[in-house]
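Okay, structure first, notes after.
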Amino acid sequence: MRPLTEEETKTMFEKLSKYIGENIKLLVDRPDGTYCFRLHQDRVYYMSEKILKLATNFSRDKLISVGTCFGKFTKTKKFRLHITALDFLAPYAKFKVWVKPGAEQSFLYGNHVLKSGLGRITENTMQYQGVVVYSMADVPLGFGVAAKSTQECRRVDPMSIVVFHQADVGEFIRSEDTLT
Amino acid sequence: MGRKLDPTNKVKRGPGKKAKKQQGAEVELANFIDTEEDAGPKRLSSRARKRAAKRVENLKKPENVAEKQPKKGYSDDNSKWLKPTKRKRKMDEPESEDDSEEMWEDEEEEEQVLLPKKGGKEQEKKSADLGLKNLEDDDDDEEEEMVDDYGAEDDGSGQEEEEDEEENSDGDDLLPIERAAKKEKKLKESMGLSSDDDNEEEEEDDDDSDEKHKSDSDMDEEETIQTNADDFDTFRLPSAEESEKEGALSLDLKGVHQRIKDNIDVLCNFSAKREEGKARVDYLSLLRKDLCTYYSYNEFLVEKLMDLFPLSELVDFLEANEIHRPVTIRTNTLKTRRRDLAQALINRGVNLDPLGKWSKVGLVIYDSSVPIGATPEYLAGHYMLQGASSFLPVMALSPQEGELVLDMSSAPGGKTSYMAQLMRNTGVIVANDANAERLKSVVGNLHRLGVTNSVVSNYDGRQFPKVMGGFDRVLLDAPCSGTGVIAKDPAVKTSKDEPDILRSAHLQKELLLSAIDSVNATSSTGGYLVYCTCSIMVEENEWVVDYALKKRNVKLVPTGLDFGKEGFTSFKKFRFHPSLQLTRRFYPHSHNMDGFFVAKFKKFSNVTPSASVGKEDETTEASEATEATDSPKDNPSKSKAANETALAKTDALKQNTKTNGAAAKKPANIKIKGQQGSQTGPKKAKIAKMDGETVKGAQAKNPAKKTPVQTTVSKTVKKDGSRFEKKQPKKGKSPLKMKNKMGKNKFKKMKHKFQKNK
């Protein structure tokens with residue numbers, strides 16, 4: 001386990017800021033203690049200092065997970081957000097998309113959000129903006145990228161994609177093995 | 001019938017309508033009966049007459065029927081939502097059948113009750129006959145009922161029965177002794193018929209004798225043989241076979257089931273119903289064999305279970321293992337509230353209810369139109385699928401906010417996440433498991449449920465204190481044989497054997513010791529450890545706990561669970577520490593949750609007693625110090641001590657100094673009185689712990705008893721006490737060592753205390 005390098009931090013923060021914008025600093029400067037990001041086996045974990053200290057007791061190969069896993073660095077050194085980060089993305093998300101109850105299931109099975117399933121969308125969402133997907137009951141279901149801007153969404157036909165799927169909570173079951 | 005509808009007296013509609021007595025029926029019926037009586041007594045069917053006779057008999061001799069009845073339903077608060085298995089139980093049979101008859105054949109019964117009293121002559125005679133018969137062997141009727149249930153012949157042949165009855169009336173002028181002689185004769189006959197096969201035969205005799213009991217009242221010899229011949233068709237077969245041919249027989253499960261019932265009935269009332277010259281062992285061995293066949297267990301496990309449960313409970317337990325426990329879920333209070341979750345699930349077509357009074361987060365699922373493990377709420381981490389029994393150890397552990405907690409074998413993370421939600425994501429939870437594969441589900445679940453204060457590691461639990469120690473609380477859900485969760489995994493029925501049990505017991509002992517070593521006894525809030533297994537074997541539970549009590553400075557404390565059965569303090573060859581009754585056992589048949597065992601320890605010293613005698617002195621001191629800080633609920637006898645925490649501590653330390661000869665001859669304060677009185681509590685507890693050393697215990701009690709008496713002349717007491725204290729170390733330790741024991745820390749502590757007091 002080690003702190004992230006300059007470059008890694010940059011890559012990761014760039015990715016994060018697509019979803020939560022400048023709220024990213026709320027993650028780092030928290031009122032309830034110091035929190036930090038650590039890299040462990042290519043995965044980025046977000047934890048408090050207190051846990052960090054205790055985690056040093058464990059040897060590298062025996063340590064499976066600490067705090068919350070945010071995502072991993074791919075072999076090409078890109079950062080990929082995991083669904084496990086949703087707990088920290090959802091409260092700070094700048095742009096949100098709500099899906100209708102009928103389309104919930106489809107999204108949770110890994111499909112894109114179609115216009116027909118779109119319940120609400122934040123005003124002024126730009127194309128290719130990172131968005132967090134909610135159910136109509138305000139339960140965060142995952143995140144993705146807006147395929148169309150809010151304006152365009154109004155006009156497109158019902159079967160066209162409005163949000164590209166990136167991650168959804170169904171992955172907790174579908175890909176449990178690869179989460180960490 | 002022409003009953004008029006009374007609009008003011010509306011009969012309640014609903015599911016139980018048919019089961020209810022129709023209102024106004026009594027009045028109507030009385031009218032009917034009156035008219036009928038005028039017309040002359042109505043002739044009843046033979047069965048109705050029998051019932052009537054039984055009724056009269058029951059009125060006469062209620063104590064006959066009042067058999068020892070196992071408690072029905074659940075002992076805890078769960079009875080509301082937990083329903084006992086729907087199954088006819090042998091023990092309840094007579095009464096429950098009567099009840100049901102009352103329910104369903106309401107009007108008929110009504111007539112019967114009234115008629116015998118007013119009675120036609122024939123009727124009375126009949127009932128008298130039957131009454132006599134019943135007097136002879138008290139639960140004859142029971143047997144009859146059962147035959148009715150299973151043997152179709154009796155049901156069908158009403159005529160035969162009537163013949164029977166006529167003979168009854170003939171036969172009842174025989175003396176009891178004559179009847180007995182007849183019985184004996186027949187018995188011998190049947191013995192002669194099947195001589196070689198013990199088991200078969202005695203079973204056979206059981207049935208024979210039952211049949212005979214029934215037909216004894218009719219005296220015609222040929223008739224008896226004939227009626228018996230009918231019944232032999234069901235039970236005769238095994239006796240004709242050799243014992244080796246048992247295999248072919250076992251196919252007839254119904255017969256085996258009946259035999260189990262009969263056998264248990266005999267065993268439950270052995271002196272009354274036993275076959276002459278048959279030992280209990282024979283019955284038991286047959287029962288064991290039958291249980292193995294019927295429920296497909298291996299002999300070893302059945303034997304263990306027979307030791308564990310009284311026979312009346314045994315079948316209940318085995319039956320409970322055949323059905324699944326209700327699905328329960330635990331609300332994740334980190335993300336939602338139970339009420340909101342229940343609402344959301346109900347909207348999805350799930351039929352649920354809160355889980356008992358004892359849990360504020362549990363919901364029990366009756367049925368669901370959607371897969372309960374894949375709803376959006378589940379995926380969003382609003383709840384966890386978890387058996388009701390898995391709540392218990394965490395509730396017993398009751399981790400506090402900000403603590404450092406270890407879950408030694410955490411997979412799949414249900415209990416871990418429950419701990420996290422009790423701690424509200426503060427402090428740190430170390431979730432460990434030896435199996436890396438199963439850790440994936442732990443990680444998945446913890447992330448899904450939004451647990452952020454966890455560290456997941458993959459060590460063997462036995463390495464633990466070396467990796468990391470000093471935990472405030474530890475939960476050890478030890479790997480076990482799984483005999484409590486046979487409903488979940490029926491493979492246990494046949495796969496477990498003695499070595500398996502002992503092997504897992506050994507592993508559990510190792511794990512428990514290392515878990516105890518990982519606990520920090522001096523923790524201000526904790527120092528607790530909960531040991532639980534999903535096994536019901538004594539070897540894996542009480543034995544392991546008892547071992548830990550002997551090996552480490554721990555004591556058992558109440559688990560804080562207000563239901564469940566107490567742990568065994570003695571079981572067959574084992575004799576355990578009396579405090580083991582503070583542990584809790586949970587059974588599928590009585591609590592409708594998986595079989596489970598929970599024990600809660602409090603560690604009172606960090607010292608590992610390797611050289612037992614030498615360290616005793618120190619452990620006593622330490623225990624006094626730590627126990628004084630205990631909350632009063634831990635042990636009512638100690639509440640006094642807890643009230644006077646500071647005082648007790650000073651006292652302990654003072655005595656310490658005296659022991660070491662480090663003078664500290666302070667003038668005796670008045671305070672000492674209170675202190676010494678309070679000291680008795682912990683000391684007594686300690687004494688109780690070291691059950692082996694009675695001599696020492698007796699010695700220690702003396703000064704303890706004296707102290708409260710001597711209030712003003714405390715100096716003499718002090719002498720006494722110090723003398724006693726000095727005696728102890730002499731046993732195993734040199735004075736030099738003693739000085740070492742009085743380390744810097746203790747000295748500082750003592751000083752600090754003194755200053756405080758001043």
Side-chain angles (χ1 to χ4, degrees), chain A residues 1 32-33 35 40 43 45-70 82-88 90-91 99 101 104-105 107-109 134-142 168-180, chain B residues 334-336 340-341 343-344 347-348 370-371 373-382 402 404 406 410 412-413 425-434 436-460 463-464 466-471:
Chain A
M1 196 158 58
D32 56 338
Y35 279 73
H40 175 64
R43 278 166 173 75
Y45 293 93
Y46 175 69
M47 72 206 80
S48 78
E49 295 264 81
K50 196 178 159 195
I51 298 178
L52 174 66
K53 266 186 223 143
L54 284 167
T56 52
N57 285 315
F58 303 96
S59 67
R60 191 183 305 170
D61 56 328
K62 297 287 187 187
L63 185 66
I64 307 296
S65 151
V66 198
T68 309
C69 177
F70 260 53
H82 278 165
I83 186 61
T84 48
L86 185 66
D87 276 341
F88 292 94
V99 296
E104 258 176 36
Q105 202 72 355
F107 179 71
L108 291 180
Y109 279 64
Y134 288 79
S135 74
M136 290 310 274
D138 269 335
V139 177
L141 297 178
D168 65 86
V169 289
E171 285 173 29
F172 282 122
I173 293 181
R174 288 206 306 276
S175 49
E176 193 175 65
D177 291 353
T178 54
L179 277 180
T180 53
Chain B
L334 294 173
K335 292 203 168 183
T336 184
D340 300 342
L341 174 67
Q343 197 53 55
N347 289 343
R348 293 203 186 274
V370 291
T375 63
E377 280 78 20
Y378 177 82
L379 295 172
H382 287 188
L404 175 58
L406 169 67
S410 57
N425 254 337
T426 62
V428 182
I429 298 176
V430 177
N432 180 67
D433 202 281
E437 275 304 304
R438 276 161 57 89
L439 273 177
K440 286 179 174 150
S441 64
V442 178
V443 174
N445 279 325
L446 291 182
H447 279 100
R448 183 172 61 81
L449 296 165
V451 176
T452 56
N453 61 343
S454 64
V455 180
V456 183
S457 69
N458 178 24
Y459 281 96
D460 188 323
Q463 302 168 332
F464 230 85
K466 278 179 210 149
V467 179
M468 187 179 172
F471 291 95

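Note that the coordinates shown come from a computational prediction; the quantities given were computed from them, not determined experimentally. Order of the sequence lines sets the chain letters (A, B, ...), proteins ahead of strands, with each chain counted from 1.
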Original post:
Which bit of B:L404 is near chain A, if near means a heavy-atom gap under 4.5 Å: side chain, backbone, both or neither?
Top reply: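 The side chain, not the backbone.
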Nearest non-hydrogen partners of [X] and [Y], listed with the distance:
{"X": "B:G402", "Y": "A:K50", "answer": "O-NZ, 3.9 Å"}
{"X": "A:E104", "Y": "B:R348", "answer": "OE1-NH2, 3.3 Å"}
{"X": "B:A380", "Y": "A:P140", "answer": "CB-O, 4.4 Å"}

Using non-hydrogen atoms only, which part of [X] is less than 4.5 Å away from chain B: side chain, backbone, both, or neither?
{"X": "A:V66", "answer": "both"}
{"X": "A:F58", "answer": "both"}
{"X": "A:Y46", "answer": "neither"}
{"X": "A:L63", "answer": "both"}

**OP:** Kindly indicate, with the supporting measurements, whether the criterion side-chain contact (heavy atoms from CB on, under 4.5 Å) is fulfilled by B:V467 and A:K62.
**Re:** CA-CA 10 Å; B:V467 179; A:K62 297 287 187 187; over 6 Å; no
Distance, nearest 0.5 Å, that separates [atom1] of [X] from [atom2] of [Y]:
{"X": "A:L179", "Y": "B:N445", "atom1": "CG", "atom2": "CG", "result": "10.0 Å"}
{"X": "A:D177", "Y": "B:S441", "atom1": "CG", "atom2": "OG", "result": "9.5 Å"}
{"X": "B:L379", "Y": "A:E171", "atom1": "CG", "atom2": "CD", "result": "10.5 Å"}
{"X": "B:H447", "Y": "A:L86", "atom1": "NE2", "atom2": "CG", "result": "12.0 Å"}
{"X": "A:T84", "Y": "B:L446", "atom1": "OG1", "atom2": "CG", "result": "11.5 Å"}

Original post:
Are any of the side-chain heavy atoms of B:K335 and A:D87 separated by less than 4.5 Å?
Top reply: yes
Original post:
So do the side chains of A:L54 and B:V430 get within less than 4.5 Å of each other, counting heavy atoms only?
Top reply: no
**OP:** Sort out for me which of A:I173, A:D168, A:L141 touches chain B most, counting heavy-atom pairs under 4.5 Å.
**Re:**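 Max contact count across the listed options: A:I173.
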**OP:** Please determine which of B:V456, B:V442, B:V455 meets the side chain to side chain contact (heavy atoms under 4.5 Å, CB included) test together with A:S65.
**Re:**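 For A:S65, the side chain to side chain contact (heavy atoms under 4.5 Å, CB included) test succeeds with only one of B:V456, B:V442, B:V455, which is B:V456.
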**OP:** Compute whether any side-chain donor of one residue and acceptor of the other, for A:S59 and B:Y459, lie under 3.5 angstrom apart.
**Re:** yes
